Amino acid sequence: MNNQDLVNKAFEAMKDAYAPYSNYHVGACLLCKDGRTFKGVNIENASYPAGVCGERSAVFAAYSNGVRKDDIEAIAIVSDGETLAAPCGVCRQVLSELLNQDTPIILSNGKLYKETNINELLPMQFGTEDLNK
Ligand code: ZN
């Protein structure tokens with residue numbers, strides 16, 4: 001599966017986003033090295049902090065099925081916004097632990113496109129090694 005196919009799957013996923021408050025829809029699709037894919041969408045809630053972002057729901061779906069960082073080929077994150085859906089701070093923290101540093105993170109809104117990785121998105125990371133005393 002090439003990057004455009006993965007982006008297309010993320011756009012398919014986006015149709016299931018639950019975003020009645022922001023009306024900002026996000027879809028994500030995580031591709032494993034064995035070809036499996038895991039979709040995720042943003043899911044909002046009337047209690048706003050209880051919602052979850054699309055990329056986190058895709059990564060959590062993968063991990064819930066036994067996937068670990070070395071199994072992951074790439075993740076695409078798309079939105080219907082005017083700008084690229086760069087992961088929020090919380091998602092960057094999660095991705096810094098659950099993806100490899102150089103795993104491609106592909107962002108698109110259908111007009112703009114960027115490939116990056118968590119090392120670029122989150123410098124000076126706080127991680128498990130910081131907890132080892
Ligand atoms: Zn987020």
Side-chain angles (χ1 to χ4, degrees):
M1 182 180 303
N2 64 35
N3 287 352
Q4 187 57 54
D5 292 336
L6 189 59
V7 165
N8 291 344
K9 280 190 170 285
F11 275 112
E12 282 176 35
M14 190 178 77
K15 295 173 188 163
D16 292 322
Y18 178 74
Y21 308 107
S22 71
N23 200 35
Y24 182 76
H25 303 89
V26 177
C29 191
L30 182 150
L31 173 65
C32 293
K33 291 173 181 169
D34 66 7
R36 285 183 296 164
T37 57
F38 294 90
K39 293 179 182 177
V41 297
N42 57 327
I43 302 170
E44 296 180 349
N45 191 279
S47 172
Y48 286 12
V52 68
C53 302
E55 56 271 54
R56 261 185 295 150
S57 49
V59 171
F60 289 169
Y63 266 69
S64 295
N65 284 277
V67 171
R68 292 298 179 262
K69 62 171 71 176
D70 288 339
D71 305 320
I72 300 170
E73 182 75 26
I75 183 170
I77 307 164
V78 306
S79 77
D80 57 2
E82 290 300 313
T83 58
L84 293 172
C88 77
V90 173
C91 285
R92 290 180 198 211
Q93 179 63 34
V94 168
L95 297 176
S96 76
E97 183 161 335
L98 301 186
L99 295 183
N100 281 319
Q101 291 295 303
D102 60 350
T103 299
I105 298 172
I106 303 152
L107 307 174
S108 179
N109 67 353
K111 293 177 254 176
L112 305 170
Y113 179 94
K114 181 174 178 62
E115 183 175 326
T116 184
N117 59 54
I118 196 57
N119 190 48
E120 182 176 72
L121 289 172
L122 188 63
M124 289 186 69
Q125 298 170 10
F126 180 85
T128 54
E129 63 280 0
D130 297 304
L131 298 175
N132 295 334
K133 297 177 182 161

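Residue numbers count from 1 along this sequence. Note that these values count all heavy atoms, side chains included, but never hydrogens, waters or copies made by symmetry. Just so you know, these numbers come straight off a predicted model, no measurement behind them.
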Next on the checklist: With a 6.0 Å cut-off (strictly less than), is the heavy-atom count around CD of Glu82, excluding the residue itself, greater than 12?
Outcome noted: no

Next on the checklist: Before you tell me yes or no, could you show the steps for Asp70 and Asn100 under side-chain contact (heavy atoms from CB on, under 4.5 Å), namely the whole-Å CA-CA distance, both residues' side-chain angles and the distance that decides it to 0.1 Å?
Outcome noted: CA-CA 7 Å; Asp70 288 339; Asn100 281 319; 3.0 Å; yes

Item to check | Inter-residue atom distance Met1.CE - Arg36.CZ, 0.5 Å rounding | outcome: 13.0 Å

Checklist entry - Could you walk me through whether Gln4 and Asn8 pass the side chain to side chain donor-acceptor pair (under 3.5 Å) check? => result CA-CA 6 Å; Gln4 187 57 54; Asn8 291 344; 3.0 Å; yes

Checklist entry - Side-chain contact, heavy-atom cut-off 4.5 Å: Lys15 with His25? => result no

Item to check | Distance-minimising heavy-atom pair for Phe11 and Ser79 | outcome: CE2-O, 3.8 Å

Item to check | Spacing of Leu84 atom CG and Lys114 atom NZ [to the nearest 0.5 Å] | outcome: 8.5 Å

Checklist outcome for this item: Between the OG1 atom in Thr116 and the CG atom in Asp102, the distance rounded to the nearest 0.5 Å is 11.5 Å

Checklist outcome for this item: On a heavy-atom basis, the closest approach of Cys29 and Leu6 is O-CD1, 3.6 Å

Item to check | Shared hydrophobic cluster, Phe38 / Ile75 (ILVMFWY, side-chain heavy atoms < 4.5 Å) | outcome: yes

Next on the checklist: Would you compute the distance between atom CG of Leu121 and atom CD1 of Ile118 and round it to the nearest 0.5 angstrom?
Outcome noted: 5.0 Å

Item to check | Verdict with supporting geometry, Asp71 and Asp34, side-chain contact (heavy atoms from CB on, under 4.5 Å) | outcome: CA-CA 8 Å; Asp71 305 320; Asp34 66 7; over 6 Å; no

Checklist entry - Apart from Phe126 itself, what residues make up its hydrophobic cluster when side-chain heavy atoms of I, L, V, M, F, W and Y under 4.5 Å apart count as a link, directly or indirectly? => result Leu131

Next on the checklist: Determine whether Leu99 and Ile105 satisfy the following criterion, side-chain contact (heavy atoms from CB on, under 4.5 Å), listing intermediate values before the conclusion.
Outcome noted: CA-CA 10 Å; Leu99 295 183; Ile105 298 172; 4.0 Å; yes

Checklist entry - Does the side chain of Ile72 reach to within under 4.5 Å of the side chain of Leu30, using non-hydrogen atoms? => result yes

Checklist entry - So, does Glu55 use its side chain to make a donor-acceptor pair with the main chain of Ile77 at under 3.5 Å? => result no

Checklist entry - Is Asn42 reaching over with its side chain to a backbone N or O of Val26, donor-acceptor style, under 3.5 angstrom? => result yes

Less than 3.5 Å apart, which donor and acceptor atoms pair up between the side chains of residues 56-69 and the rest of the protein, not counting sequence neighbours?
residue	atom	partner	partner atom	Å
Ser57	OG	Val41	N	3.1
Ser57	OG	Val41	O	2.7
Ser57	OG	Cys53	O	3.3
Ser57	OG	Gly54	O	3.0
Tyr63	OH	Lys69	N	3.2
Tyr63	OH	Leu98	O	2.9
Ser64	OG	Phe60	O	2.7
Asn65	ND2	Ala61	O	2.8
Arg68	NH1	Tyr63	O	3.2
Lys69	NZ	Glu97	O	3.2

Checklist entry - Got Lys9 and Thr37 here, is their nearest side-chain heavy-atom distance under 4.5 Å? => result yes

Item to check | Full working for side-chain contact (heavy atoms from CB on, under 4.5 Å) between Tyr18 and Asn45 | outcome: CA-CA 9 Å; Tyr18 178 74; Asn45 191 279; over 6 Å; no

Checklist entry - Would you say Arg92's side chain and Leu122's backbone share a donor-acceptor pair under 3.5 angstrom? => result no

Item to check | Distance (rounded to the nearest 0.5 Å) between Tyr113 OH and Leu107 CG | outcome: 9.0 Å

Item to check | CD on Glu44 to OG on Ser22, rounded to 0.5 Å | outcome: 3.5 Å

Checklist entry - When you measure from the side chain of Asn109 to the backbone N and O of Leu112, does any donor-acceptor pair fall under 3.5 Å? => result yes

